[in-house]
Amino acid sequence: MKIDEILKKKKTISFEVFPPKKENAEVSGIYRTIDSLRQLNPDFISVTYGASGSNSKNTAEIASYIKNSAKIEALAHITGGPSSYEDIDRMASELRKNNIENVLALRGDKPVDYSAEYCRYFKHATDLMEYLSGYDFSLGAACYPEGHSECDTLYEDLINMRKKEEAGAGFFITQIFYDNSYYYRLVNEARNVGIKSPILPGIMPLTSAKNIKKIKDMCGSTIPLEFRNMIEIYRDKPAVMEEIGLNYAVYQIIDLIAKGAPGIHLYIMNNADVAKEIHMRLRRVFSELF
Ligand code: FAD
């Protein structure tokens, strides 16, 4: 089923997984993760795509496992950045052949040695969305509660977000954030500029102090001072740190749901146990409100 249609009917709970980083690595480990996630009855599972397009075969294979073996809706990410029209046609046909109906259309991060040649065919996610319009996917797009790093102002980024909706995005998934007020501001401002599609908040439980640096490098999300202080105090006590990270994510989710978020997208870093813990702590919220 198409995700934009599901979102018209209910709040969604979804998870993001990523293929093994090495192109020829075994994908069986990720299949075990997906089988575990199945018990949680998610509305969909998304699969990331290497910015260079290198492991696109794995993305299609894993999305197909989600859809056809685990019987869960799959959302395949595609990054247009380095791809040619032929690459995208190959990927889109493979997905359609496997009955996958949903694509998160992205540009991908610019590599350090970026040149205009890199994005020759698909300068922005909007170009990819327009190209994919003939394939009958439900298209989603990324959005940024703290603004995208290449934009000088949030307003500029919002206008580009609106272009994504005009190019066919029927739903959005946000970048990771730890301060919900950035999400509320984004939703408010998006509605002010006329964006109507559901905006799914992306939450990543921060269960290890080591991940602070990763988050900073990956997306630069602000970590609120109070939460950061707790992490600093307990950084050498992994079990305590894990408890704090899980509870913080639970707090974020409850607040988001109470304020009307259309669902929750969990970045679980291929760790089904994190998903299960969050789900267990929120089982009554999910069963009564979703
Ligand atoms: P774009 O939409 O092209 O935006 C990039 C910049 O250009 C922004 O500053 C935007 O404001 C501006 N812009 C957008 N459209 C236009 C336009 N039409 N005209 C002018 N300016 C424009 N990366 C991966 O490599 N693989 C993944 O699987 C992946 N999954 C992600 C999932 C989510 C939910 C999120 C939030 C990010 C994901 N990323 C992934 C990271 C993403 O590729 C980077 O954030 C990238 O820098 C921007 O991608 P985009 O699709 O938002 O690009």
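Ligands are counted one by one from 1 in listed order, and the atoms in each one are counted from 1 as well. Every heavy atom of this structure was used, including side-chain atoms; hydrogens, water molecules and symmetry mates were not. In this text the structure is predicted, and so the values were computed from the model without any measurement. Residues: numbered from 1 along the sequence shown.
Side-chain atoms of N270 and T33 form no donor-acceptor pair, as typed in the model, at a separation below 3.5 Å. H265 and S14 are linked by a side-chain donor-acceptor pair at a separation below 3.5 angstrom, with hydrogens and angles left out of the test. A side-chain donor-acceptor contact under 3.5 Å links Y184 and D255.
Neither the backbone nor the side chain of F122 has any atom closer than 4.0 Å to an atom of ligand 1 (non-hydrogen atoms only). Contacts with ligand 1 closer than 4.0 Å are made by heavy atoms of both the backbone and the side chain of I173. Of the heavy atoms in H77, only side-chain atoms (C-beta onward) come closer than 4.0 Å to ligand 1. At a heavy-atom distance under 4.0 Å, no atom of K110 approaches ligand 1. For T126, every heavy-atom contact with ligand 1 shorter than 4.0 Å involves the side chain, none the backbone. When heavy-atom distances to ligand 1 are checked against a 4.0 Å cut-off, Y144 comes that close only through its side chain, counted from C-beta outward. With a heavy-atom cut-off of 4.0 Å, R107 touches ligand 1 through backbone and side chain alike.
The distance criterion of under 3.5 Å between nitrogen or oxygen atoms is not met by T48 with respect to ligand 1. Some N or O of Y49 is nearer than 3.5 Å to an N or O of ligand 1, by distance alone. The N/O atoms of G108, backbone and side chain alike, include one that comes under 3.5 Å of an N/O atom in ligand 1. At a 3.5 angstrom cut-off on N or O pairs, E156 does not count as close to ligand 1. Any N or O atom pair closer than 3.5 Å counts here, and L104 shares no such pair with ligand 1.
By the 4.0 Å N-to-carboxylate-O rule, R281 lies close enough to E243 to be salt-bridged with it.
The side-chain contact (heavy atoms from CB on, under 4.5 Å) test with L200 is passed by exactly one of I13, T12, I264: T12. Checked options K2, K8, K9; the residue passing with E5 is K8 (criterion: salt bridge (charged side-chain N to carboxylate O under 4.0 Å, His left out)).
Residues L186 and Y144 come closest through the heavy atom pair CD1-O, 3.8 Å. Across all non-hydrogen atoms, the minimal contact from A141 to A169 is CB-CB, 3.9 Å. The two residues E130 and A167 make their nearest non-hydrogen contact at OE2-CB, 3.9 Å.
Using a 4.0 Å cut-off to heavy atoms of A125, the atoms of ligand 1 that qualify are 1 (P), 2 (O), 3 (O), 51 (O). Residue T79 approaches ligand 1 through these ligand atoms, each under 4.0 Å from one of its heavy atoms: 24 (C), 25 (O), 26 (N). Residue D109 approaches ligand 1 through these ligand atoms, each under 4.0 Å from one of its heavy atoms: 43 (O), 44 (C), 45 (O), 46 (C), 47 (O).
For atom 7 (O) of ligand 1, the candidate residues are E16, E150, H124; the nearest heavy-atom contact is made by H124. When the heavy atoms of H148, K163, K164, E130 are ranked by distance to atom 2 (O) of ligand 1, first place goes to K164. Of the candidates L106, V47, I176, L75, L106 brings a heavy atom nearest to atom 40 (C) of ligand 1. Of the options D157, N160, T153, the smallest heavy-atom separation from atom 12 (C) of ligand 1 is shown by N160.
Rounding to the nearest 0.5 Å gives a distance of 12.0 Å between NZ of K164 and OG of S197.
For the pair R107 and Y118, the cation does not sit on the ring face, since its NZ or CZ is not both under 6.0 Å from the ring centre and inside 45° of the axis.
Closest to atom 33 (C) of ligand 1, if we only count protein heavy atoms, is Y267 OH, 3.9 Å. Nearest non-hydrogen protein atom to atom 36 (C) of ligand 1 is A142 CB, 3.4 Å.
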Determine, step by step, whether Y65 and N98 satisfy the side-chain hydrogen bond (donor to acceptor under 3.5 Å, both in side chains) criterion, reporting the C-alpha distance in whole Å, the side-chain angles of both residues, the deciding distance to 0.1 Å, and the verdict.
CA-CA 9 Å; Y65 185 86; N98 286 290; over 6 Å; no

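Residue pairs meeting the ring pair (Phe, Tyr, Trp, His ring centres under 6.0 Å) criterion with at least one member in residues 80-103, sequence neighbours excluded: Y85-Y121, Y85-F122, Y85-Y131.
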